[in-house]
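I have placed the structure first, in the form of structure tokens, so that the comments after it can refer back to it.
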Amino acid sequence: MEQFIKYIDYKLPDQRGNEILFKYKRQLLDEMNARYLEVSRRGISNSKVISDLVISEHPEPEKEYKAFYISETSAERTKRNIIMNVAGSVIYILSAIILFLGVSFLTHKWGQTWLIVVDGILLWVAYLLTLGVRKFTSMRRIFHIFARILLAMDVMVVTVAVFLFSLVMIGFLRSWVIVIAGVAAMFVADALYACFTKRKLAIIICLIYIPAVAAMLYIILSALGILAWNTGWMLIIFSLVLDFVLMYTSMSRNKRYKQEVIDTWKEN
């Protein structure tokens, strides 16, 4: 209706080249026309009354447009990121293959240069997993479990890449400690994620992981000769003491908070 067009143009003046604004105004006009027909079928015959009623349902189209703009630009940004990631992935993988062939033909060290492709693919997978972690984290808490699973996979994929590099390129005989360090890093990453996202059971997760990480540190540091096997196990004892300290601190803080709530309630 002409009255709706005038109202929309008054509230939302035209902006040259703003396709999102035009799209919203077209959508809003369609909604208002559909609403007009719906109301007219209910026995109201006065067109002005119906028009005023429909217009009253959209008192602030500016705010509605802002929400629409955010939604539209977010969708466009997501689409653009997908295209860039796909194109970037293809270019990255082709570059890794070309680099592998070039270095291999120049050096003839095929027994080592294969790592260029393998580690390159592993790092690419880690990047995709990181994107997945970010995506699930931005969603409701019920989906955070998937973010934690992808985060664990991300850490382990990077660990394998570092392990292969250390074993093949450097020839480090104790490269196996990197795998154990990766498992420990996976626990640490999960605990940090739980803390930063303020999970209710974050403290329990930390209490479980601390002794496990300490045990792995004991193996790693002893295998590298930094600690002696017969004394390094004290790390595990220290981790248990740290657990008790954290438990006591957490319980004391919760008790103090409850007492403050009770005191405030009594004062009121």
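By the 4.5 Å heavy-atom criterion applied to side chains, Ile220 and Ile226 are not counted as neighbours. Between Leu28 and Pro61, some side-chain heavy-atom pair lies under the 4.5 Å cut-off. For the pair Lys25 and Ile5, the minimum side-chain heavy-atom distance is 4.5 Å or more. Under the 4.5 Å side-chain criterion, counting only non-hydrogen atoms from C-beta, Phe100 is in contact with Trp110. At a threshold of 4.5 Å between non-hydrogen side-chain atoms, the residues Leu115 and Phe165 count as touching. With a 4.5 Å cut-off on side-chain heavy atoms, Glu31 and His58 count as touching. Between Glu60 and Lys11, every side-chain heavy-atom pair lies at or beyond the 4.5 Å cut-off. Under the 4.5 Å side-chain criterion, counting only non-hydrogen atoms from C-beta, Ile210 is in contact with Leu246.
A donor-acceptor contact shorter than 3.5 Å is absent between the side chain of Ser166 and the backbone of Val162. The backbone N or O of Val213 lies less than 3.5 Å from no partner atom in the side chain of Tyr218, so there is not a single donor-acceptor pair. No donor-acceptor pair under 3.5 Å is formed between the side chain of Arg35 and the backbone N or O of Ser51. In this structure a side-chain-to-backbone donor-acceptor pair under 3.5 Å is missing from Ser222 to Ile219.
Under a hydrophobic clustering in which Ile, Leu, Val, Met, Phe, Trp and Tyr are joined whenever their side-chain heavy atoms come within less than 4.5 Å, directly or via other members, Val241 and Leu227 fall into different clusters. Under the 4.5 Å side-chain heavy-atom criterion for ILVMFWY residues, no single connected hydrophobic cluster contains both Val90 and Leu123. Tracing side-chain contacts under 4.5 Å through hydrophobic residues (I, L, V, M, F, W, Y), one never reaches Phe238 starting from Tyr209; they form parts of separate clusters. The same ILVMFWY cluster, assembled from side-chain heavy atoms under 4.5 Å apart, contains both Phe105 and Val117. Phe143 is connected to Ile145 through a chain of hydrophobic side-chain contacts under 4.5 Å among Ile, Leu, Val, Met, Phe, Trp and Tyr, so both are in one cluster.
Annotation for Pro59 and Ser56: closest pair CD-O, 3.4 Å, computed over non-hydrogen atoms. Ala191 and Ile205 get closest at one heavy-atom pair: CA-CG2, 4.3 Å. Closest heavy-atom contact between Thr113 and Ser104: OG1-OG, 2.6 Å. When every heavy atom of Met153 is checked against every heavy atom of Leu129, the shortest pair comes out as C-CD1, 3.7 Å. Minimum interatomic distance between Ala202 and Ala194 (heavy atoms only, all atoms of both residues): CB-O, 3.8 Å. Closest approach of Ala223 to Val177, counting heavy atoms only: CB-CG1, 3.9 Å.
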**Worked check of side chain to side chain contact (heavy atoms under 4.5 Å, CB included) between Arg148 and Phe136** = CA-CA 9 Å; Arg148 293 172 64 185; Phe136 282 116; over 6 Å; no

**Request:** Apply side chain to side chain contact (heavy atoms under 4.5 Å, CB included) to Ile91 and Ser95, showing your working.
**Result:** CA-CA 6 Å; Ile91 295 172; Ser95 299; 4.0 Å; yes

**Request:** Determine, step by step, whether Val183 and Met156 satisfy the side chain to side chain contact (heavy atoms under 4.5 Å, CB included) criterion, reporting the C-alpha distance in whole Å, the side-chain angles of both residues, the deciding distance to 0.1 Å, and the verdict.
**Result:** CA-CA 7 Å; Val183 177; Met156 290 312 300; 4.1 Å; yes

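Aromatic ring centres of Phe163 and Trp176 lie farther apart than the 6.0 Å criterion allows.
Around the CD1 atom of Ile142, the shell of radius 6.0 Å holds no more than 12 heavy atoms that belong to other residues, nucleotides or ligands. The number of heavy-atom neighbours closer than 6.0 Å to OH of Tyr69, taken from other residues, nucleotides and ligands shown, is 12 or below. Sparse packing is recorded around CZ of Phe146, with 12 or fewer heavy atoms of other residues, nucleotides or ligands lying under 6.0 Å away. Around CZ of Arg141, the count of heavy atoms belonging to other residues, nucleotides or ligands within 6.0 Å exceeds 12. In this structure, Met234 places its CE atom where only 12 or fewer heavy-atom neighbours from other residues, nucleotides or ligands lie under 6.0 Å away. Annotation: Leu37, atom CG; neighbour count of heavy atoms from other residues, nucleotides and ligands within 6.0 Å is above 12. Atom CD of Glu62 is surrounded by more than 12 heavy atoms from other residues, nucleotides or ligands within 6.0 Å. The 12-atom threshold is exceeded at CZ of Phe172, counting heavy atoms of other residues, nucleotides or ligands nearer than 6.0 Å.
The aromatic rings of Tyr65 and Tyr24 are tilted relative to each other, their planes meeting at an angle between 30° and 60°.
Taking CG of Leu164 as the start and CD1 of Ile178 as the end, the distance is 9.5 Å to the nearest 0.5 Å. Rounded to the nearest 0.5 Å, atoms OG1 (Thr249) and CG (Leu242) are 9.0 Å apart. Residue Ile116 holds its CD1 atom at 7.0 Å from CE of Met169, rounded to the nearest 0.5 Å. Atom NE2 in His144 sits 12.0 Å away from atom CG in Leu150 (nearest 0.5 Å). Atoms CE and CG, on Met247 and Asp243 in that order, are 7.5 Å from each other to the nearest 0.5 Å. In this structure, NZ on Lys135 lies 10.0 Å from CG on Asn81, to the nearest 0.5 angstrom.
Side-chain contact annotation: Thr137 with Tyr193, donor-acceptor N/O pair under 3.5 Å present. In the model, Asp154 has no side-chain atom that pairs as donor or acceptor with a side-chain atom of Tyr127 under 3.5 Å.
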